[in-house]
Every structure is written in structure tokens, then in C-alpha cells.
Amino acid sequence: MKTALTIAGSDCSGGAGIQADLKTMIANGVYGMSAITALTAQNTTGVQGIFEVTPEFLEQQIDSVFTDIRPDAVKIGMVSSTGLIKSIAKKLCEYQAENIVVDPVMGDYGKIYSTYTDEMCGLMKELVAGADIITPNITESCILTDTPYSDMLYEKDIVELAEKLSMMGPEKVVITG
């Protein structure tokens, strides 16, 4: 059986984050494991609160997985601080993780999330560069490529964004939303 580690936030409503990733893994016959970056209070109408784990605790979770049941793939989702992004990058390098998927979770509807800083954006670009597959939405694609956001993009604009993202390092780019 294939194994996968999801590193992301926990969504109490079950529609996103760790819960959604684990459902997807199970549905595809993959043994899913998780390292939680943050607990969220959220539902279909939005996020009401975030309680972040420490970088040290996240590293302990990742160590626990890699030293017991090595994942065949790693999927990274919501990461809410520079310390957590640095910890993930450090551990992926340390364990020489393979088959890395990054969903950057940086913004939506043309706006970066209020908790995201310029430093976090720079570090996310580094995670994206080391990924095999990335799944940004249009807003995140624009942020990562320093392209002005427009809600009137044509197919050629999306293709151009995907090409720019691919030049950053990932083998495959799936622009969502």
C-alpha cells in the first residue's frame, strides 16, 4: 500500500485541510498520515480562528512519521508562519522526501490572506521550487509569479501563469479555481 503525509491545518468542518486530504487518500487506497500546522475554527462561510502549533512541535510530528512509516509522497497545505515553512523545508530536505505536492494556500479572490507576510511569500516560493506538483489557485499563481491579479483572465493568461510557475521548479502545475 502506498503512503502519504499531509502537512496542513485541521478543518473542524471537514471540508478542507487535513480532513479533506485524508478522505482523498483513503478513497484512493493510500495510507494517509498527518502533521498538523494549525487548528482552525472554520466552516463553509469562512475561517473564524486559527491556533498554530509551534515549529518545534511540527518537526516532532514530521520526525514521528518519517522515522516509522516513511511516506511515498508529501502534500503540503496551509502553513501559517515563517517558522512553520522553515521547519517543513528543513525536514523535507533532512529526510530527502520525494513526490512533494504543494498547495500554497496564500490567498483568494485577488487578495493575499491578512496573515501572510512578504517573508512567508518568499519562503513559499522556495517550497514551490522544491515541489514535484503545485496546485495554486489563480490568486496564488499571481502572487508566486509577481503577476498583477485580474479577474478577467483568458486561457492564454492561465497558460502563461502555468509556464512561469513551471519555470520555478515544479514538474507539474495545476491551477485551480
Side-chain angles (χ1 to χ4, degrees), residues 3-25 32-43 46-108 111-137 139-146 165 168-170 173-174 176:
T3 60
L5 168 64
T6 174
I7 303 172
S10 174
D11 170 8
C12 61
S13 69
I18 294 290
Q19 288 83 347
D21 290 345
L22 290 173
K23 289 175 189 176
T24 301
M25 290 173 190
M33 300 166 286
S34 64
I36 298 173
T37 60
L39 303 175
T40 67
Q42 71 182 73
N43 55 29
V47 177
Q48 291 78 44
I50 299 173
F51 183 78
E52 183 179 293
V53 304
T54 66
E56 296 78 19
F57 187 70
L58 178 60
E59 288 182 23
Q60 287 177 330
Q61 293 179 78
I62 295 169
D63 287 338
S64 293
V65 171
F66 271 92
T67 59
D68 185 26
I69 305 171
R70 182 179 176 83
D72 296 309
V74 177
K75 191 266 186 181
I76 302 162
M78 192 270 280
V79 186
S80 53
S81 73
T82 57
L84 294 176
I85 297 172
K86 289 177 182 178
S87 288
I88 293 167
K90 172 184 159 187
K91 290 298 175 180
L92 294 181
C93 182
E94 178 181 331
Y95 291 110
Q96 299 178 355
E98 298 174 301
N99 304 309
I100 299 169
V101 178
V102 175
D103 178 359
V105 190
M106 302 166 69
D108 212 349
K111 297 187 183 194
I112 195 164
Y113 293 135
S114 61
T115 57
Y116 241 78
T117 66
D118 288 342
E119 184 181 11
M120 289 172 71
C121 290
L123 291 170
M124 187 55 71
K125 287 179 182 181
E126 291 177 25
L127 273 184
V128 162
D132 297 291
I133 301 170
I134 60 170
T135 61
N137 62 30
T139 298
E140 294 155 350
S141 297
C142 290
I143 294 166
L144 289 166
T145 60
D146 300 317
L165 289 164
M168 294 174 70
V173 175
V174 178
T176 64

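Worth knowing before you read on, the calculation uses all heavy atoms, side chains too, and leaves out hydrogens, waters and symmetry mates.
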Over all heavy atoms of both residues, which pair between [X] and [Y] is shortest? Give the atoms and the distance, please.
{"X": "P136", "Y": "L165", "result": "CG-CD1, 3.8 Å"}
{"X": "A38", "Y": "E52", "result": "CB-CA, 3.9 Å"}
{"X": "V102", "Y": "P104", "result": "O-CD, 3.6 Å"}
{"X": "L22", "Y": "G32", "result": "CD2-C, 3.6 Å"}
{"X": "Y116", "Y": "M124", "result": "OH-CE, 3.1 Å"}
{"X": "E140", "Y": "M106", "result": "OE2-N, 2.9 Å"}

| request: Verify the neighbour count for atom CD of Q48: are there more than 12 heavy atoms of other residues, nucleotides or ligands below 6.0 Å? | output: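 Enclosed: over 12 neighbouring heavy atoms sit under 6.0 Å from CD of Q48.
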
| Is it the case that more than 12 heavy atoms not belonging to Y95 sit under 6.0 Å from its OH atom? |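 Enclosed.
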
Can you tell if the side chain of [X] reaches within under 4.5 Å of the side chain of [Y], non-hydrogen atoms only?
{"X": "V79", "Y": "V105", "answer": "no"}
{"X": "K75", "Y": "D103", "answer": "yes"}
{"X": "K91", "Y": "Q61", "answer": "no"}
{"X": "Y113", "Y": "T139", "answer": "no"}

Would you check if the side chain of [X] reaches a backbone N or O of [Y] as a donor-acceptor pair within less than 3.5 Å?
{"X": "Q42", "Y": "D11", "result": "no"}
{"X": "T82", "Y": "M120", "result": "no"}
{"X": "N137", "Y": "G107", "result": "yes"}
{"X": "S34", "Y": "A8", "result": "no"}
{"X": "T37", "Y": "G9", "result": "yes"}

| task | For the residue pair Q19 and S10, confirm or rule out a side-chain donor-acceptor distance under 3.5 Å. | result |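 Side chains of Q19 and S10: pair found under 3.5 Å.
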
To the nearest 0.5 Å, how far apart are [atom1] in [X] and [atom2] in [Y]?
{"X": "C121", "Y": "I112", "atom1": "SG", "atom2": "CD1", "answer": "3.5 Å"}
{"X": "T176", "Y": "I134", "atom1": "OG1", "atom2": "CD1", "answer": "10.5 Å"}
{"X": "L127", "Y": "K86", "atom1": "CG", "atom2": "NZ", "answer": "12.0 Å"}
{"X": "L144", "Y": "M168", "atom1": "CG", "atom2": "CE", "answer": "5.0 Å"}

| message | Tell me which one of V101, I100, L5, I85 satisfies side chain to side chain contact (heavy atoms under 4.5 Å, CB included) with I76. | response |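 The residue from V101, I100, L5, I85 that satisfies side chain to side chain contact (heavy atoms under 4.5 Å, CB included) with I76 turns out to be I100.
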
